[in-house]
2 protein chains.
Amino acid sequence: MTIAQVCKRCNVTADTLRYYERVGLIPAVRRSPSGIRDYTEGDVNWVTFIRHMRAAGLQVSALARYVGLFRKGDASLAERKDILIRQRDLLAKRMEAQREVLARLDAKIANYEERCVAWERAHLRKP
Amino acid sequence: MTIAQVCKRCNVTADTLRYYERVGLIPAVRRSPSGIRDYTEGDVNWVTFIRHMRAAGLQVSALARYVGLFRKGDASLAERKDILIRQRDLLAKRMEAQREVLARLDAKIANYEERCVAWERAHLRKP
DNA sequence: GCTTGACCTGGAGCGTACGCAAGGTGGTAT
DNA sequence: ATACCACCTTGCGTACGCTCCAGGTCAAGC
């Protein structure tokens with residue numbers, strides 16, 4: 001599969017895919033004799049996985065460490081698990097802060113709703 | 001209140017507070033005749049509000065627009081409400097993506113848990 | 001044979017949100 | 001008086017995560 005096809009399927013730019021590979025966010029992709037990348041389904045799975053994780057705010061460095069550990073096989077299972085747990089906890093913490101802010105925003109919006117109505121009553125000519 | 005005191009109370013650096021003021025994330029702070037900032041409780045409220053919003057990932061530019069609208073008084077109520085609603089929706093969307101990722105991480109971790117146990121059974125000498 | 005277009009590499013550039021250091025001022029403690 | 005410390009401004013530096021560009025290569029169609 002060419003890089004362009006992966007771009008479409010995963011909704012990323014070619015630059016981003018090459019960047020991901022360069023920094024080890026996805027394992028090295030096989031190349032044709034002339035050096036052109038040839039993605040497998042497995043590669044695409046990595047890309048989509050990384051995209052999801054990135055969308056949730058997981059850091060590139062942590063994900064790269066995680067991906068890098070796969071080269072060491074099953075001996076790195078525990079280490080990989082630790083990374084996942086750490087990232088999971090960080091994510092849960094961020095979500096907690098966001099829940100509070102979301103509630104505050106909702107309260108604020110409700111308040112604005114009222115005040116907007118009041119302002120309109122005071123400033124719009126009566127029908 | 002001096003900038004140092006606000007730093008402690010809000011857990012920010014002085015640089016950040018000056019930056020916030022410069023880009024309009026908080027309204028202009030009163031100065032002493034010699035130019036030293038003198039924060040009011042109201043200022044501190046702004047700072048904590050902004051810190052919470054920033055912690056949840058709301059962008060500086062959006063918050064600056066929101067703060068800027070206060071100078072226009074009640075006539076800007078509707079516009080401010082729109083900003084809040086937009087930011088609230090963006091936040092809700094991010095949280096949704098994060099919820100999915102959190103679930104995936106939990107599943108992955110559970111799977112690792114099992115595989116780690118299996119690996120240990122295979123590699124540790126029997127007692 | 002030549003053009004076209006997709007791909008390659010290396011490296012520079014960019015937006016965001018600060019952080020830091022240099023050089024200067026002012027109030028106060030000794 | 002002078003030393004000191006907290007504060008000021010200006011402007012450059014940094015980390016992160018891409019993004020873009022120049023210059024080159026390769027395979028295919030005309």
Side-chain angles (χ1 to χ4, degrees), chain A residues 1-26 28-40 43-44 46-68 87 90-91 94 97 101, chain B residues 1-26 28-40 43-44 46-68 87 90-91 94 97 101:
Chain A
M1 197 180 321
T2 71
I3 200 170
Q5 291 172 308
V6 180
C7 288
K8 272 193 188 165
R9 279 184 55 180
C10 301
N11 199 30
V12 273
T13 69
D15 275 324
T16 298
L17 286 178
R18 286 190 279 255
Y19 167 73
Y20 281 176
E21 191 177 344
R22 198 154 40 86
V23 300
L25 262 194
I26 51 177
V29 176
R30 235 200 56 210
R31 309 301 188 93
S32 79
S34 59
I36 291 180
R37 269 167 267 254
D38 183 19
Y39 291 82
T40 65
D43 292 329
V44 173
W46 268 114
V47 173
T48 50
F49 169 68
I50 290 294
R51 288 304 282 177
H52 281 127
M53 295 300 129
R54 289 289 304 125
L58 276 75
Q59 293 190 352
V60 166
S61 56
L63 292 168
R65 260 180 292 138
Y66 177 76
V67 176
Q87 295 303 312
L90 288 173
L91 177 56
R94 280 202 304 277
V101 165
Chain B
M1 196 178 326
T2 71
I3 199 169
Q5 292 172 308
V6 180
C7 288
K8 272 192 186 164
R9 280 184 54 180
C10 302
N11 198 31
V12 274
T13 69
D15 275 325
T16 299
L17 286 178
R18 287 189 280 254
Y19 166 72
Y20 281 176
E21 190 178 344
R22 196 153 42 85
V23 301
L25 261 194
I26 51 177
V29 176
R30 234 200 56 210
R31 309 298 189 95
S32 81
S34 58
I36 292 181
R37 270 166 266 253
D38 183 18
Y39 291 82
T40 66
D43 292 329
V44 173
W46 269 114
V47 174
T48 51
F49 169 68
I50 290 294
R51 290 303 284 178
H52 282 127
M53 296 298 128
R54 290 287 306 124
L58 276 76
Q59 293 191 350
V60 166
S61 55
L63 293 168
R65 259 180 292 137
Y66 177 75
V67 175
Q87 295 303 311
L90 289 173
L91 177 56
R94 281 202 302 277
V101 166

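Throughout, a chain's letter reflects where its sequence line sits, starting with A, and its residues are numbered from 1.
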Tell me every residue that passes side chain to side chain contact (heavy atoms under 4.5 Å, CB included) with [X], counting only those two or more places apart in sequence or in another chain.
{"X": "B/Thr40", "result": "B/Asp43"}
{"X": "B/Gln59", "result": "B/Ser61"}
{"X": "A/Arg22", "result": "A/Tyr19"}
{"X": "B/Ala14", "result": "B/Ile3, B/Cys7, B/Arg18"}

I want to check something: taking the side chain as every heavy atom from C-beta on, are [X] and [Y] in contact at a cut-off of under 4.5 Å?
{"X": "B/Asp38", "Y": "B/Ser32", "answer": "no"}
{"X": "B/Gln87", "Y": "B/Met53", "answer": "no"}
{"X": "B/Val67", "Y": "B/Ile50", "answer": "yes"}

field: OP1 or OP2 of C/dC7 under 4.0 Å from side-chain N/O of A/Thr2
entry: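 For C/dC7, OP1 or OP2 has a side-chain N or O of A/Thr2 closer than 4.0 Å.
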message: With a 4.0 Å cutoff (strictly under), does any side-chain N or O of B/Thr16 reach OP1 or OP2 of C/dC18?
response: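 For C/dC18, neither OP1 nor OP2 has a side-chain N or O of B/Thr16 closer than 4.0 Å.
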task: Please list, in 5' to 3' order, the outermost nucleotides of DNA chain D lying under 4.0 Å from any heavy atom of chain B.
output: D/dC7 to D/dT9
query: How would you list all residue pairs meeting salt bridge (Lys or Arg N to Asp or Glu O under 4.0 Å) that involve residues 49-61 of chain A, not counting sequence neighbours?
result: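 The answer is none; no pair qualifies.
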- prompt: According to the salt bridge (Lys or Arg N to Asp or Glu O under 4.0 Å) rule, which pairs have a member within residues 3-14 of chain B, sequence neighbours left out?
  reply: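 Residue pairs passing salt bridge (Lys or Arg N to Asp or Glu O under 4.0 Å), neighbours aside: B/Arg9-B/Glu41.
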Set of side chain to side chain donor-acceptor pair (under 3.5 Å) partners for B/Arg65, sequence neighbours left out: none
query: Mapping A/Tyr19 and A/Pro33 onto DNA chain D by nearest heavy atom, which one lands closer to the 5' end?
result: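 It is A/Tyr19, whose closest nucleotide lies nearer the 5' terminus.
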message: What is the separation between atom CD on B/Glu21 and atom C1' on C/dG19, rounded to the nearest whole Å?
response: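 Computing the B/Glu21:CD to C/dG19:C1' distance gives 18 Å.
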task: Round to the nearest Å and state the distance from A/Tyr39 atom OH to C/dC7 atom C1'.
output: 11 Å
query: Toward the 5' end of DNA chain C, which comes first, B/Arg51 or B/Ile36, by nearest nucleotide?
result: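 The 5'-side residue here is B/Arg51.
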Name the pairs: protein N/O against N/O of nucleotides 1-4 of chain C, kept only if under 3.5 Å.
none

Protein-nucleotides 9-13 of chain C N/O pairs closer than 3.5 Å?
residue : atom : partner : partner atom : Å
C/dT9   : OP1  : A/Arg31 : NH1          : 3.1
C/dT9   : OP1  : A/Arg31 : NH2          : 3.1
C/dT9   : OP2  : A/Arg37 : NH2          : 2.4

query: So what does B/Ser32 touch, heavy atoms closer than 4.0 Å: a base, only the sugar-phosphate, or nothing?
result: nothing
task: Look at all strands and tell whether B/Ala4 reaches a base, only sugar-phosphate, or nothing, counting heavy atoms closer than 4.0 Å.
output: sugar-phosphate
- request: With sequence neighbours excluded, tell me which residues meet ring pair (Phe, Tyr, Trp, His ring centres under 6.0 Å) with A/Phe49.
  value: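 Listed in chain order: A/Trp46.
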query: Which parts of residues 56-68 of chain B get close to DNA chain C, meaning a heavy atom less than 4.0 angstrom away?
result: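 DNA chain C contact set from residues 56-68 of chain B: B/Gln59, B/Val60.
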query: From A/Ile26 CD1 over to A/Leu63 CG, what is the distance, rounded to the nearest 0.5 angstrom?
result: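 Reported value, rounded in 0.5 Å steps: 12.0 Å.
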query: Rounded to the nearest 0.5 Å, how far apart are CG of B/Leu58 and CG of B/Leu91?
result: 6.5 Å
